[in-house]
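Numbered from 1 within each chain, the chains take letters A, B, ... in sequence-line order.
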There are 2 protein chains.
Amino acid sequence: MTRHAQDNAGDRPVSDATLRDLAGYNIRRASNAVQADLVRTLAPFELRMITYSALVLIVDNPGLRQTQLAEALAIERSNLVVVIDDLERRELIGRNPMPTDRRAYALTATLAGTRLCRKATRAVRAHEARILSLLSEEERQVLASTLRRIEQAANDEG
Amino acid sequence: MTRHAQDNAGDRPVSDATLRDLAGYNIRRASNAVQADLVRTLAPFELRMITYSALVLIVDNPGLRQTQLAEALAIERSNLVVVIDDLERRELIGRNPMPTDRRAYALTATLAGTRLCRKATRAVRAHEARILSLLSEEERQVLASTLRRIEQAANDEG
DNA sequence: CATTGATAGTTATGAAGTATAACAGTTATG
DNA sequence: CATAACTGTTATACTTCATAACTATCAATG
């Protein structure tokens with residue numbers, strides 16, 4: 001594919017130049033690396049990525065329904081159930097009856113849930129500060145905006 | 001967590017402002033979206049992401065061993081086996097004996113494999129051109145370089 | 001050169017993530 | 001009121017990913 005396709009019988013370093021030209025490859029590699037690190041950051045709080053994300057959204061959007069939350073997290077309703085079960089069992093959130101709709105639950109964080117969320121978010125921010133220490137504030141802004149445009153464009157393709 | 005934590009009993013849009021402040025969240029969302037789209041692009045070639053990536057690396061680095069390939073792809077040796085099995089069954093690559101080491105295989109692409117690789121890469125590039133059409137050439141370069149620095153920093157954390 | 005330890009590829013297995021279908025209870029609609 | 005649609009749930013299967021254990025082979029050391 002690229003210029004230097006040479007015999008690799010010896011232990012030459014493997015060239016991934018073709019793949020490095022692809023944005024999808026670079027995004028995925030970076031995502032995996034950051035993700036793995038985030039998992040370690042959240043482990044002390046006994047939170048997985050999805051559990052943490054759900055908790056944040058519940059704290060920020062008290063009263064939302066599970067269907068809304070699943071959509072915001074871009075996961076299936078059915079897969080959200082165990083996540084909510086976990087958070088509820090640990091009394092970090094509550095499933096409250098909705099007066100207007102007896103099918104749905106209004107999700108709200110407990111005081112403990114709000115506190116844990118705050119602590120975890122501080123840890124995640126500290127972690128990101130280390131990861132992004134090489135980037136200027138402007139570069140971070142540009143990165144965020146670029147990624148959002150890519151996400152948008154990719155979703156529109158479907 | 002953020003400024004506007006308001007009751008969401010109605011159907012207000014869900015705010016993910018706290019998570020959007022996190023680079024890890026933005027990277028993951030963009031990665032998932034692009035990934036899903038890439039899967040669709042590769043489907044006509046009956047290639048999955050990992051199978052495609054493996055094929056590219058074999059074409060670009062003829063003669064490399066499976067352990068080298070697994071490391072380059074950042075997956076476990078054991079999980080690479082089925083990928084190589086698939087490519088070999090379809091006669092896109094070959095496991096050749098290594099004269100210097102009878103434990104290892106020298107992986108090489110067949111003519112059909114090289115051709116398929118070229119066609120698939122063209123399709124992926126065309127797909128990326130659509131996804132990235134909103135970005136200037138300079139923005140793409142900046143993105144690639146930024147992502148690589150992040151990947152590097154995150155890996156160094158471990 | 002024999003023994004010991006490391007390495008390449010493989011297999012089996014389990015954990016985690018993800019997608020689909022079906023169901024009961026409830027709400028909305030014609 | 002009857003039908004359709006929606007909410008949360010369960011069951012299920014498929015994919016991805018990591019780990020341990022195994023065979024065959026190579027490398028190193030006494």
Open item on the list: Between the base of D/dT7 and the side chain of A/Arg103, is there a donor and acceptor pair under 3.5 angstrom?
Closed with: no
Open item on the list: Just the rounded figure in Å: distance from P of D/dG8 to CG of A/Leu73.
Closed with: 13 Å
- [ ] Any chance you could lay out the side chain to side chain contact (heavy atoms under 4.5 Å, CB included) test for A/Arg90 and A/Leu47, step after step, and finish with the verdict?
- [x] CA-CA 11 Å; A/Arg90 295 163 63 186; A/Leu47 291 170; 4.1 Å; yes
Task: Check ion pair B/Asp21-A/Arg140 (N to O, under 4.0 angstrom) - done: no
Task: Value in whole Å for how far the P atom of C/dA19 lies from CD1 of A/Ile50 - done: 11 Å
TODO: For A/Thr67 and for A/Arg28, find the nucleotide of DNA chain D with the closest heavy atom, then tell me which residue's nucleotide is more 5'.
DONE: A/Thr67
Task: A/Arg65 side-chain N/O to D/dT7 phosphate OP1/OP2 under 4.0 Å - done: yes
- [ ] Measure the distance from CD1 on A/Ile75 to P on C/dA16 and round it to the nearest whole Å.
- [x] 16 Å
- [ ] Please work out if B/Glu76 contacts a base, only the sugar-phosphate, or nothing of the nucleic acid, heavy-atom cut-off 4.0 Å.
- [x] base
TODO: Rounded off to whole Å, could you give me the CG-to-P distance for the A/Asn79 and D/dT7 pair?
DONE: 17 Å
Task: B/Asp101 (side chain) and C/dA8 (base): donor-acceptor pair under 3.5 Å - done: no
- [ ] Could you tell me which non-hydrogen atom of B/Leu73 sits nearest to which non-hydrogen atom of B/Ser53, and how far apart they are?
- [x] CD2-CB, 3.6 Å
Open item on the list: Once side-chain hydrogen bond (donor to acceptor under 3.5 Å, both in side chains) is applied, do any residues pair with B/Asp16, and if so which ones, sequence neighbours excluded?
Closed with: B/Arg20, B/Tyr25
Open item on the list: Can you tell me if A/Gln68 touches the phosphate of D/dT7, counting only side-chain N or O atoms and a distance under 4.0 Å to OP1 or OP2?
Closed with: no
- [ ] May I have the distance from A/Leu69 (atom CG) to D/dG8 (atom P), rounded to whole angstrom?
- [x] 10 Å
Task: Presence of donor-acceptor pair under 3.5 Å, side chain of B/Ser78 and base of D/dT19 - done: yes
Open item on the list: If I take atom CG in residue A/Leu80 and atom P in nucleotide D/dC6, what distance separates them, rounded to the nearest angstrom?
Closed with: 18 Å
Open item on the list: Between the side chains of A/Asp85 and A/Arg89, is the shortest nitrogen-to-carboxylate-oxygen separation below 4.0 Å, so that they form an ion pair?
Closed with: no
Open item on the list: How many whole angstroms separate atom CE of A/Met49 from atom P of C/dT18?
Closed with: 11 Å
Task: 5' precedence on DNA chain C between A/Arg102 and A/Arg77 (nearest-nucleotide basis) - done: A/Arg77
Task: Who pairs with D/dA27 - Watson-Crick or G-U, where each distance is under 3.5 Å - done: C/dT4
Task: Whole angstrom value for the distance that separates P of C/dT18 from CD of A/Gln35 - done: 9 Å
